[in-house]
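Below: one structure, written as structure tokens.
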Amino acid sequence: MMENEDKLKIRLASWQAPPPHGDLAERIARRAAALPQRRPWVSRAVDGAQRALTEWRYAFAYKLAVLTLCAAAGLAAGLQQGQDLDVVALAFEGPQGGSL
Amino acid sequence: MHGDTFIIPGAPPDTDAALMEKAAAGDARAFRQLVDRHLPRAHAVAYRMLGSAAEAEDAVQEAFCRIWTHAASFQPERAAFFTWAYRIVANACLDAVRRRSPASEAVEDMADTLPDPAPGTDLAAMAAQQSRRVRQAVQALPPNQRLAVVLCYFEGMTNPEAALAMDMNLKALEGLLGRARKVLRERLGDGVQG
């Protein structure tokens, strides 16, 4: 089995690849260096979050949207909790049930 | 550009990971060192995958540009540079194969189709013929099998390294190699029996 494997490798080795052109490395390095480098998304997200905390105007639309969502969620949760609550009675009678 | 690399004569060469760290910081000289170090093998992989020197040059150029632009994404603790880089080279080659029109599939380098430069020497003619047969047999394999053969048999990668470079599990790679071996033995015939 291994012998056949070796025979195949020897046979395949008869196909030699030509070396790359002498100036290819130079061309690649020049072309690549002209391209902008991308940063990983985690690093970009961390930078964005830091900037959002230090500059109040940065990502203002997102901040406003998040604030509105939080307010809406808080309101909805409050309404859900207080459905059976008699707010008027609570205000006039006090927490112990005695009248003011 | 900043933080350019200065090579001190006699100093041990930087590791690939160290050069990548510098390249990620925009050091073009460090990147050039990486290109010099890995270009011959990357070019050989691309040449054997695509069967044409011109296409191989385009593919390695594309691959190294991706390596430069995504240098910051390289994590040395997760993979060795060469497996990461060869995955990019392999993807560039597979993209090139996909982009080809069916008519251009059979296009070969002129060097292979020209008559042997020294027809008097039988040995040279036989070697050239042998090389042509191997090339045709390898080129006729489906792209994934061809890539597995190129990485494992021509580039001498171990199966786990090749599996990493091809972004697949070891069993799948071994399956590809098994099928490729069978086809190659059938096509190359004499001297290589299954």
Side-chain angles (χ1 to χ4, degrees), chain A residues 1-70, chain B residues 1 23-26 28-29 31-36 39-48 53 56-57 60-75 109 111 127-128 130-138 149-150 152-154 156 181 184-185 188 190-194:
Chain A
M1 180 71 183
M2 282 303 288
E3 199 183 322
N4 282 327
E5 186 98 352
D6 290 342
K7 270 186 189 170
L8 182 63
K9 278 185 187 174
I10 292 165
R11 190 78 189 268
L12 291 177
S14 66
W15 179 28
Q16 296 288 320
H21 269 138
D23 67 338
L24 183 60
E26 177 60 39
R27 273 189 282 143
I28 288 173
R30 216 178 25 239
R31 192 183 148 197
L35 298 170
Q37 288 186 304
R38 285 184 209 165
R39 294 166 58 221
W41 71 268
V42 181
S43 144
R44 276 182 282 141
V46 167
D47 276 5
Q50 278 174 351
R51 200 173 154 198
L53 287 172
T54 51
E55 288 176 40
W56 73 272
R57 273 173 189 274
Y58 182 71
F60 188 72
Y62 291 104
K63 286 177 185 172
L64 202 64
V66 168
L67 199 67
T68 311
L69 267 175
C70 285
Chain B
M1 294 300 132
R29 277 198 205 195
F31 179 69
R32 174 65 202 266
Q33 270 183 271
L34 275 172
V35 174
D36 285 337
L39 180 62
R41 278 186 79 184
H43 181 266
V45 169
Y47 176 77
R48 289 193 172 106
E57 283 192 8
V60 286
Q61 194 155 323
E62 176 68 35
F64 277 108
C65 285
R66 284 185 209 170
I67 290 171
W68 167 260
T69 53
H70 294 86
S73 311
F74 171 63
Q75 294 170 297
D109 270 359
Q130 174 99 316
S131 167
R132 213 162 18 242
R133 279 187 72 188
V134 170
R135 176 205 169 109
Q136 281 164 354
V138 173
V149 166
V150 168
C152 293
Y153 291 153
F154 287 101
R181 264 196 304 264
L184 285 174
R185 280 177 185 139
L188 295 173
D190 54 326
V192 189
Q193 261 81 52

For A:Ala17 and B:Arg48, work out which heavy atoms get closest and say how close.
-> N-NH2, 3.2 Å
Taking all heavy atoms of A:Gln37 and all of B:Ala25, pick out the closest pair and write down the distance.
-> OE1-C, 4.3 Å
Minimum side-chain heavy-atom gap A:His21-B:His43 below 4.5 Å | no
Minimum heavy-atom distance B:Asp36-A:Ala25, with the two atoms named | OD1-CB, 3.3 Å
Interatomic distance, A:Arg39 atom CZ to B:His70 atom NE2 [nearest 0.5 angstrom] | 13.5 Å
To the nearest 0.5 Å, what is the distance between CG (B:Leu184) and CG (A:Leu8)?
-> 5.5 Å
Below 4.5 Å from any heavy atom of chain B, which atoms of A:Pro36 appear? Answer side chain, backbone, both or neither.
-> backbone
Answer with side chain, backbone, both or neither: which region of B:Ala24 has an atom nearer than 4.5 Å to a non-hydrogen atom of chain A?
-> backbone
Kindly compute the distance separating CG (A:Leu12) from CZ (B:Arg135), expressed to the nearest 0.5 Å.
-> 14.0 Å
What are the two closest heavy atoms between B:Cys65 and A:Arg31, and how far apart are they?
-> SG-NE, 4.0 Å
Is there side-chain contact between B:Arg66 and A:Arg38, with heavy atoms separated by less than 4.5 Å?
-> no
Nearest heavy-atom contact between B:Phe31 and A:Ala32 is CE2-CB, 3.5 Å
B:Gln61 versus A:Leu24: any side-chain heavy-atom pair under 4.5 Å?
-> yes
If you tally heavy-atom pairs under 4.5 Å between each of A:Ala29, A:Pro19, A:Ala34, A:Ser14 and chain B, the highest tally belongs to A:Ser14
Please answer whether the main-chain N or O of B:Val134 pairs with a side-chain N or O of A:Trp15 as donor and acceptor at a distance below 3.5 Å.
-> no
Out of curiosity, A:Leu35 CG to B:Phe64 CZ, how far, rounded to the nearest 0.5 Å?
-> 14.0 Å
